Number of protein chains: 2
Amino acid sequence: MLETITPMKTAEAREALLESARKHEPEKRGRKASKEVRQLQLIEATIDSLAKRGYSETTMADVADGAGLSRGIVNFHFESKEKLLVATLAYMADEYAAHWRAALTKAGDDPARQLQALVAADFDRSICNKRKLAAWCAFWGEAKSRPTYQALCGARDAAYQKVFIDLCATLKQSGGYAFEPQVMALALSAMLEGLWLRLMMGTEDVTRETALQAANEFLSSAFPKHYPWPTAGSDKAA
Amino acid sequence: MLETITPMKTAEAREALLESARKHEPEKRGRKASKEVRQLQLIEATIDSLAKRGYSETTMADVADGAGLSRGIVNFHFESKEKLLVATLAYMADEYAAHWRAALTKAGDDPARQLQALVAADFDRSICNKRKLAAWCAFWGEAKSRPTYQALCGARDAAYQKVFIDLCATLKQSGGYAFEPQVMALALSAMLEGLWLRLMMGTEDVTRETALQAANEFLSSAFPKHYPWPTAGSDKAA
DNA sequence: CATCATTTGTTGAACATTCATTCAAAATGG
DNA sequence: CCATTTTGAATGAATGTTCAACAAATGATG
């Protein structure tokens, strides 16, 4: 009955919703804009549910409730639960890709800066928060037995792996390192994902800052000429 | 708290039971297996189902069918589906811990050998195969919203993290490295888990051998004095 | 050893619940 | 007034659990 805007969940979700709405619809055309906004609203509610209840406990009813809408609405905007989840994963993959590319562009032309920027981007607040990480992990857990998820998660990796390999090869040239670029790139990207996993679990006292620190120590170890260790002069409290 | 029937047997006795459990008896039904064997049989069937269908699609009926038994049997040996899954995770965690400790013991007293042995153990065939990795990942995906899973997965990490830290600290001493042991240990363990994730996905051409190679390159980068790079003479297949 | 009683393990159908989907009706907006 | 969107109850399928009956092992008794 009351059509007042239902209170958006987190400020974060609201921000993402509005930003995406602007991005996808530069010139709002009434009905269509409303439709897209509603879809994003449902996708955000899906991420919330995945983070809060896990994949296996995420229900259509919970998504609809989370969005403050009625039960049947999801099957109207998305044909089925399966398609809603695929759309959610695609949304997160797109968001990640955009963030990743932006970081790469912003880093300029120096390969060393580029690599560091890509690593740091993985731990940016907008990408790396418990809510999104939990959703990613929920999909990972199902990816093995779902080709569609596997493809979307795989696309996330494969496209970036080549850039990592090229950067490793370039730095190897200029630094005279002994590693194999392909192998080192695999180790690097695996470590980034592993740190995400650790952050998601959240059992230990691993924070975004700690994780980024670990990633940077990896860079200093693998590319000492490009990322020199901080000198003893700086503080190093345990 | 939930101390289900987890017989702390020796590795040999456990292996014998497992072998009996894996055996598929085409003979007529009837009780011809001890309680422990039947439980292991059901746990193995659960791992199969998790690997084949994923967590959310794993049903009691599928587990029973996979074990070649009737529908109601699981609720007899395990009280509920939830407890079956907890027992399965506990079983895998125990198996991993035993394998890990055995590798550490077998490595002798040299810290460098110990660390390398622990890394290599993670990619041993008995532990690191698609079936088990898929099951692990299925639990990871649900761990965020399930304290019990989180505790069991967390125990897997926390106990070993300290050993990693100590080994890193020791090697730092003898090698004069600049890293912070805690941070390097985090990077190392995260990379190992990330490689597992990559292996599980199985999209790229990442094999157990490739993954181990990446882990060893990490060791060579972080501890160059202890794990020197292979000279140009050795093979380096792409 | 034979027979019976008891415990233990197993079955499969019945039951209750949860949940995705459908759809007719109502609401909304142009 | 028409097209579009939303609602909420109805529906049917899937699934975890229960349970009464049954079968096999074990033990007791003569």
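These numbers were taken from a predicted model, which means no experiment stands behind them. The analysis underlying the following values was restricted to heavy atoms, covering all of them including side chains, and did not include hydrogens, waters or symmetry mates.
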I need the NE2-C1' distance between A:H77 and C:dT22, as an integer number of Å.
16 Å
Taking the six-membered ring for Trp and the single ring otherwise, decide whether the centroids of B:F139 and A:W140 are under 6.0 Å apart.
no
Whole-Å distance separating the CD1 atom of B:I73 from the C1' atom of D:dT15
18 Å
Nearest-Å distance, OH (B:Y55) to C1' (D:dT15)?
14 Å
Rounding to an integer number of Å, can you tell me how far A:F78 CZ sits from D:dT5 P?
13 Å
Enclosure of A:R208 CZ (heavy-atom neighbours >12, cutoff 6.0 Å)
yes
Would you tabulate the nitrogen or oxygen pairs shorter than 3.5 Å linking the protein to nucleotides 17-22 of chain D?
unit_1 : atom_1 : unit_2 : atom_2 : d
D:dT17 : OP2    : B:N75  : ND2    : 3.3
D:dT17 : OP2    : B:K81  : N      : 2.9

Output yes when A:R146 and A:E82 qualify as a salt bridge under the 4.0 Å nitrogen-oxygen rule, no when they do not.
yes
Just compare C:dA20, D:dT15, C:dT10 and give me whichever is closest to any side-chain atom of B:R38.
C:dT10
Return the NZ to CZ distance between A:K52 and A:R131, rounded to the nearest 0.5 Å.
11.5 Å
Spacing between A:F76 atom CZ and D:dA9 atom P, to the nearest angstrom:
20 Å
Measure from the ring center of B:Y91 to the ring center of B:W136 and say whether it is less than 6.0 Å.
no
Test your reading of the model: is there a side-chain donor-acceptor pair from A:Q150 to the backbone of A:S145, 3.5 Å cut-off?
no
Roughly how many Å is it from CD in B:E36 to P in C:dG9, rounded to a whole number?
12 Å
Would you please confirm or rule out a distance under 4.0 Å between OP1 or OP2 of C:dG9 and any side-chain N or O of B:K35?
yes
For B:D62 and D:dA14, give me the distance from atom CG to atom P, rounded to whole Å.
14 Å
